[in-house]
Amino acid sequence: MSMTDLLSVEDIKKALGAFAAADSFDHRKFFQMVGLKKKSADEVKKVFQILDKDKSGFIEEDELGSILKGFAADARDLSATETKTLLAAGDKDGDGKIGIDEFSTLVAES
């Protein structure tokens, strides 16, 4: 399964373009723009599984840094500041990574 099986290519391109500049990433706006906010809980879970590159059941900090590449291979990496901000927003239990429930909450809050 790829991201484009779940989300529109056009929406992904628009969202990535909107946050192409370094330190411009806003996860709330991004999740809205790619259409993730409108997806079912099951579809959000599938997106999480695509972003969980090592299949650990968590999106760790290094995976968060390359989260945009999960939407399109040619996307940029997040800066260290953007990565830390995203981790702080999503890591509700303070374990340093984002689990499926935390990811679902992060999307729902966007």
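Quick note: numbers below take in every heavy atom, side chains included, and nothing from hydrogens, waters or symmetry partners. For reference, positions follow the sequence shown, starting with 1.
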Could you tell me which non-hydrogen atom of Val44 sits nearest to which non-hydrogen atom of Ser104, and how far apart they are? CG1-OG, 4.0 Å
Quick check: is Val9 connected to Val47 through a chain of hydrophobic side chains (ILVMFWY, heavy atoms under 4.5 Å apart)? no
Donor-acceptor contact below 3.5 Å, side chain Glu61 vs main chain Lys84: no
Shortest non-hydrogen contact from Ala75 to Leu68? CB-O, 3.5 Å
d(His27 NE2, Leu87 CG) to nearest 0.5 Å is 11.5 Å
Considering residues at least two apart in sequence or located in another chain, which fulfil the salt bridge (Lys or Arg N to Asp or Glu O under 4.0 Å) criterion with Lys92? Glu109
Ignoring hydrogens and angles, tell me if any N or O in the side chain of Asp91 forms a donor-acceptor pair with the backbone of Ala88 under 3.5 Å. no
Given side-chain contact (heavy atoms from CB on, under 4.5 Å), test Phe58 with Asp95 step by step and report yes or no. CA-CA 10 Å; Phe58 296 94; Asp95 64 357; 4.1 Å; yes
Specify the closest pair of heavy atoms between Val34 and Leu7, including all atoms of both residues, with the distance to one decimal. O-CD2, 3.3 Å
Test item: Arg76 side-chain N/O and Ala20 main-chain N/O as donor-acceptor pair under 3.5 Å: yes
Does the Lys45 side chain pair with the main chain of Ile100, one donor and one acceptor, at a distance under 3.5 Å? no
Distance (rounded to the nearest 0.5 Å) between Arg28 CZ and Leu86 CG: 10.0 Å
Please round to the nearest 0.5 Å and tell me the distance separating atom CG of Leu78 and atom CZ of Phe19. 11.0 Å
Could you go through Glu43 and Ser40, starting from their C-alpha distance and side-chain angles, then the distance that decides it, and tell me whether this counts as side-chain hydrogen bond (donor to acceptor under 3.5 Å, both in side chains)? CA-CA 5 Å; Glu43 289 168 317; Ser40 70; 3.2 Å; yes
Examine the side chains of Asp77 and Ser66 and answer whether a donor and an acceptor come within less than 3.5 Å of each other. no
Using the ring centroid of each side chain, check whether Phe31 and Phe103 are separated by less than 6.0 Å. yes
Parallel, tilted or perpendicular: which one describes the rings of Phe25 and Phe30, with boundaries at 30° and 60°? tilted
The criterion is salt bridge (Lys or Arg N to Asp or Glu O under 4.0 Å); which residues satisfy it with Glu60, sequence neighbours excluded? none
Min side-chain heavy-atom separation Leu6-Ile50 under 4.5 Å: yes
Around atom NZ of Lys37, are there more than 12 heavy atoms from other residues, nucleotides or ligands closer than 6.0 Å? yes
In Å, rounded to the nearest 0.5 Å, how long is the span from CG of Asp74 to CG of Leu16? 7.5 Å
Smallest heavy-atom separation, Met33 atom then Ala18 atom, equals CE-CB, 3.7 Å
Glu63 vs Leu51, side-chain contact (heavy atoms from CB on, under 4.5 Å): CA-CA, chis, key distance, verdict: CA-CA 7 Å; Glu63 290 171 320; Leu51 297 174; over 6 Å; no
A side-chain contact here means heavy atoms from C-beta on lying under 4.5 Å apart; do Met1 and Gln49 qualify? no
Rounded to the nearest 0.5 Å, the OG1 atom of Thr4 sits from the CD atom of Glu10 at a distance of 13.0 Å
Distance, nearest 0.5 Å, that separates CG of Asp23 from OG1 of Thr81: 5.5 Å
Derivation and outcome, side-chain hydrogen bond (donor to acceptor under 3.5 Å, both in side chains), residues Thr85 and Glu82: CA-CA 5 Å; Thr85 300; Glu82 289 171 315; over 6 Å; no
With a 4.5 Å cut-off on side-chain heavy atoms, are Asp5 and Ser2 touching? yes
Would you say the side-chain atoms of Asp52 pair up with the backbone N or O of Ser56, donor to acceptor, closer than 3.5 Å? yes
